[in-house]
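Okay, structure first, notes after.
Residue numbers count from 1 along this sequence.
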Amino acid sequence: MASHVDVPGEPTHTGTALLEAATGAIQGFASINKIHQHLCAFHFYGDDMTRQVEAHHFCSHQNEEMWQCLIYDKSESDARLIGIEYLITENLFLTLPDGEKPLWHSHEYEVKSGILFMPGVPGPIQRQDLEKVSKTYGKTFHFWQVDRGDTLPLGLPQVMMAFTRDGQLYDHIVKDVEKRYGVSIAAEREKRAYMSGPDHGIHPLANGAGKGLKTELREVDCLPVESVPRIFV
């Protein structure tokens, strides 16, 4: 897990905390209250597998074929919001344009290997839910590069990927998570051996199409306003 760094700024004032408590009691948070699932997993930067980040997903369903998740660097109350992930079924993934598919990663290995788990949830209940996740694809962007010690979210959003085979995720990261959450990834791996991934196999264009991906900002020549066609007259 990335070492904790202090976020710059004044400590929260008592008046601010009281105001937040008051508004929290009055306002509705329907979108946040839909979150029903906490997944702990690991991501790496699309262009650098050596940069590996613990990622705590707090997810809600849009429907039976799409999830949306807020990603934090840890599960405690002072966690930093570092990214987002969308999960879709194989059925929806296959409808994507080919140019879009490399941005999405598969979840089969993550689930079956045990490195993706639901903290605090009994194994049998986890497995019922994760059977579905194993067949999905995810698209992830991180906005805060906590692994390099940034105290604020700097730079461009970075496309992230998930691990797809043994030997990619560092052992010390696995052991640290096992100790903190009291889990055995190896034992869970054996219990998930029956699970399967996408029905048609992992698409060859997924997972960056086997190549690195990096978010870049480029300058482009914009057409003058006069050259844009007028739709309404």
Side-chain angles (χ1 to χ4, degrees), residues 29-47 49 52-72 81-119 121 125-144 156-165 168-169 188-189 192-216:
F29 300 94
S31 57
I32 302 300
N33 289 336
K34 284 185 65 178
I35 291 175
H36 66 282
Q37 185 181 59
H38 172 199
L39 301 173
C40 178
F42 305 91
H43 295 151
F44 65 86
Y45 288 77
D47 65 329
M49 190 179 288
Q52 304 181 2
V53 182
E54 184 176 329
H56 290 266
H57 303 56
F58 293 87
C59 307
S60 62
H61 276 85
Q62 285 292 91
N63 53 48
E64 280 295 316
E65 295 200 69
M66 182 182 180
W67 294 252
Q68 54 187 19
C69 308
L70 300 174
I71 300 176
Y72 290 80
L81 177 64
I82 60 174
I84 57 171
E85 178 166 356
Y86 301 103
L87 283 75
I88 58 175
T89 61
E90 177 185 27
N91 180 52
L92 291 182
F93 176 81
L94 292 175
T95 68
L96 299 176
D98 284 351
E100 169 72 15
K101 289 184 175 76
L103 294 171
W104 296 75
H105 58 262
S106 59
H107 290 126
E108 179 180 3
Y109 174 79
E110 277 191 296
V111 173
K112 294 189 66 176
S113 68
I115 63 173
L116 186 155
F117 64 96
M118 301 170 68
V121 178
I125 297 176
Q126 279 196 55
R127 291 190 283 276
Q128 289 183 40
D129 213 356
L130 295 179
E131 286 177 26
K132 300 177 183 178
V133 177
S134 182
K135 295 177 176 291
T136 64
Y137 291 89
K139 181 179 183 179
T140 304
F141 284 93
H142 281 197
F143 309 109
W144 197 336
L156 297 175
Q158 297 295 311
V159 62
M160 308 295 284
M161 288 290 157
F163 299 97
T164 57
R165 63 179 181 270
Q168 294 178 329
L169 179 60
E188 190 60 27
R189 179 177 187 149
R192 298 182 189 180
Y194 72 93
M195 295 184 186
S196 59
D199 293 335
H200 294 88
I202 296 173
H203 197 283
L205 291 179
N207 301 306
K211 304 175 182 178
L213 292 176
K214 184 177 182 179
T215 310
E216 293 182 344

Within the supplied structure, the quantity of interest is the number of heavy atoms (other residues, nucleotides, ligands) at a distance under 6.0 Å from [X] [atom1]; does it exceed 12?
X: E64; atom1: CD; value: no
X: K132; atom1: NZ; value: no
X: F143; atom1: CZ; value: yes

Specify whether H38 and H56 have parallel, tilted or perpendicular ring planes, treating 30° as the upper limit for parallel and 60° as the lower limit for perpendicular.
-> tilted

Give the ring-plane orientation class for F163 versus F44, where under 30° counts as parallel, over 60° as perpendicular and anything between as tilted.
-> tilted

Side chains of [X] and [Y] in contact at under 4.5 Å (non-hydrogen atoms):
X: T215; Y: F141; result: yes
X: K34; Y: Q62; result: yes
X: W67; Y: Q37; result: yes
X: H203; Y: Y137; result: yes
X: V53; Y: I82; result: yes

Could you pull out the closest heavy-atom pair between [X] and [Y], with the gap in Å?
X: H105; Y: M161; result: CB-SD, 3.9 Å
X: R192; Y: L116; result: NH1-O, 2.7 Å
X: F42; Y: E54; result: CD2-CA, 3.9 Å
X: V121; Y: Q126; result: O-NE2, 2.9 Å
X: I71; Y: A55; result: CG2-CB, 3.7 Å
X: E108; Y: P198; result: OE1-CD, 4.0 Å

Does [X] reach the main-chain N or O of [Y] with its side chain, forming a donor-acceptor pair under 3.5 Å?
X: T95; Y: L92; result: yes
X: H57; Y: L70; result: no
X: Q168; Y: R165; result: yes
X: K112; Y: M195; result: yes
X: N63; Y: M66; result: yes

Taking it one step at a time, do K135 and T89 satisfy side-chain contact (heavy atoms from CB on, under 4.5 Å)?
-> CA-CA 7 Å; K135 295 177 176 291; T89 61; over 6 Å; no

Which value, rounded to the nearest 0.5 Å, describes the distance between F93 atom CZ and K101 atom NZ?
-> 6.0 Å

Out of curiosity, Q52 CD to M160 CE, how far, rounded to the nearest 0.5 Å?
-> 9.5 Å

Among side-chain atoms of Q158 and H43, is any donor-acceptor pair under 3.5 angstrom?
-> no

For L96 and L205, run side-chain contact (heavy atoms from CB on, under 4.5 Å): C-alpha distance rounded to whole Å, both residues' side-chain angles, the deciding distance at 0.1 Å, then the answer.
-> CA-CA 11 Å; L96 299 176; L205 291 179; over 6 Å; no

